[in-house]
Amino acid sequence: MSFTQLLWQKNTALYEQILNLPFNQELAAGTLAPEAFCHYVIQDAHYLLAYGRALAVAAAKAYDADDVMQFSEAAKIAIVVERSLHNDFMTAFNVSKETFESTPLTLACHHYTSFLTATAWSESYPVVLAALLPCFWIYAEVGRAIVSQSVPNNPYQAWIDTYAGEEFHTAVRNVIATVDKVAARCDADTLEKMHAAYTMGAKLEWLFWDSAYHQRQWLGLSN
């Protein structure tokens, strides 16, 4: 069993909880409240900027040229996707630039982005990769799982198609392969830290979607 297969096996129950969140189930059914989706899109745009920065740090720490290119390109794509959220989803759901810019990070988004930023700067390259992996992998698996459940004329079909699409899944497979390659060179202590970083990232994925569904703000207040 590869390192990433072991990661997934140890965190399968957490993934199932994420997949079964009301946000993802109602997204597939097309019944998710537009307000919840708008809340999610705004926070996701904030998140992707921080994620891009963490990917850029990973590229700087990479062991070889191929990995530098892989994560430099991933950082660029994260920023491109963040901008496309403004132009596409936010326009489609009538979220203005002013609304986005004036909306602060929620507790969940702040927690997740702070974890990624702190890990990127303070930890070794293998641990940084493990922290970044859940966002790639879990999104791909959720997209794959719910695309077949999606109803006709689903208002959220474009989001589902993005993460169920082969282009995204190819990128995810490449990242998984890199994590396995790097893990093969690590000692037991580093592997343990990689497991902890991945699990924390997966937990924060759960928190991010759950927060969006309930439109949680600081102090647990809803909109």
Side-chain angles (χ1 to χ4, degrees), residues 18-56 73-113 116 132 134-172 175 201 204-218 222-223:
I18 291 170
L19 181 61
N20 291 322
L21 281 170
F23 186 99
N24 289 321
Q25 293 303 305
E26 293 180 17
L27 190 81
T31 59
L32 181 67
E35 296 80 9
F37 188 74
C38 290
H39 178 104
Y40 163 82
V41 167
I42 291 171
Q43 294 304 313
D44 196 40
H46 285 309
Y47 168 86
L48 284 169
L49 180 57
Y51 192 64
R53 289 188 174 120
L55 285 164
E73 183 63 20
K76 176 183 175 182
I77 290 171
I79 304 303
V80 169
V81 170
E82 182 266 331
R83 290 178 176 174
S84 74
L85 286 172
H86 295 169
N87 298 330
D88 299 333
F89 289 122
M90 290 192 190
T91 299
F93 287 87
N94 298 313
V95 177
S96 68
K97 180 181 178 183
E98 292 72 24
T99 297
F100 165 68
E101 291 178 346
S102 64
T103 302
L105 275 65
T106 60
L107 179 60
C109 188
H110 185 274
H111 188 5
Y112 199 173
T113 56
L116 289 177
L132 291 167
C135 184
F136 280 108
W137 202 355
I138 291 173
Y139 265 72
E141 294 302 323
V142 168
R144 191 201 308 272
I146 68 176
V147 68
S148 61
Q149 304 171 26
S150 183
V151 298
N153 302 313
N154 190 331
Y156 307 115
Q157 192 65 47
W159 185 97
I160 295 170
D161 289 344
T162 297
Y163 296 107
E166 184 56 32
E167 181 178 0
F168 183 68
H169 280 259
T170 297
V172 172
V175 172
L204 291 170
E205 285 292 324
W206 180 93
L207 182 67
F208 194 93
W209 268 313
D210 182 69
S211 175
Y213 183 76
H214 296 287
Q215 300 173 62
R216 291 197 173 101
Q217 303 294 342
W218 286 88
S222 297
N223 287 340

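The first residue in the sequence is number 1, and the count goes up from there.
Between S150 and Q157, the side chains place a donor N or O and an acceptor N or O closer than 3.5 Å (distance only, hydrogens not considered). In summary, the side chains of E98 and S102 do not present any donor paired with an acceptor at a separation below 3.5 Å, with no hydrogens or angles considered.
Applying the side chain to side chain donor-acceptor pair (under 3.5 Å) test to every pair with at least one member in residues 22-34, sequence neighbours left out, gives these pairs: E26-Y213.
Partners of Y156 under the ring-ring contact (aromatic ring centres under 6.0 Å, His included) rule, at least two apart in sequence or in another chain, are F37, F93. Among residues two or more places apart in sequence or in another chain, the side chain to side chain donor-acceptor pair (under 3.5 Å) test is passed with H46 by none. Under the side chain to side chain donor-acceptor pair (under 3.5 Å) criterion, N20 pairs with no residue at all, not counting sequence neighbours. F168 is linked by a ring-ring contact (aromatic ring centres under 6.0 Å, His included) to Y163, counting only residues two or more places apart in sequence or in another chain. Taking A75 as the reference, L55, A56 meet the side chain to side chain contact (heavy atoms under 4.5 Å, CB included) condition, with sequence neighbours excluded.
Taking each heavy atom of V172 and A140 in turn, the nearest pair found is CG2-CB, 3.9 Å.
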### Task
Would you sort out whether I138 and I18 count as a side chain to side chain contact (heavy atoms under 4.5 Å, CB included), showing the intermediate values?
CA-CA 9 Å; I138 291 173; I18 291 170; 3.9 Å; yes
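Applying the 6.0 Å contact sphere to CD of E101 captures more than 12 heavy atoms from other residues, nucleotides or ligands. At most 12 heavy atoms of other shown residues, nucleotides or ligands fall within 6.0 angstrom of atom NE2 in H111.
Tested against Y47 for a ring pair (Phe, Tyr, Trp, His ring centres under 6.0 Å), the candidates F208, Y40, Y139 yield a single pass: F208.
Proximity of F23 to L32: side-chain heavy atoms (C-beta onward) are separated by under 4.5 Å at one or more points. The shortest side-chain heavy-atom distance between L105 and Q43 falls under the 4.5 Å cut-off.
Rounded to the nearest 0.5 Å, atoms NE2 (H39) and NE2 (H214) are 10.5 Å apart.
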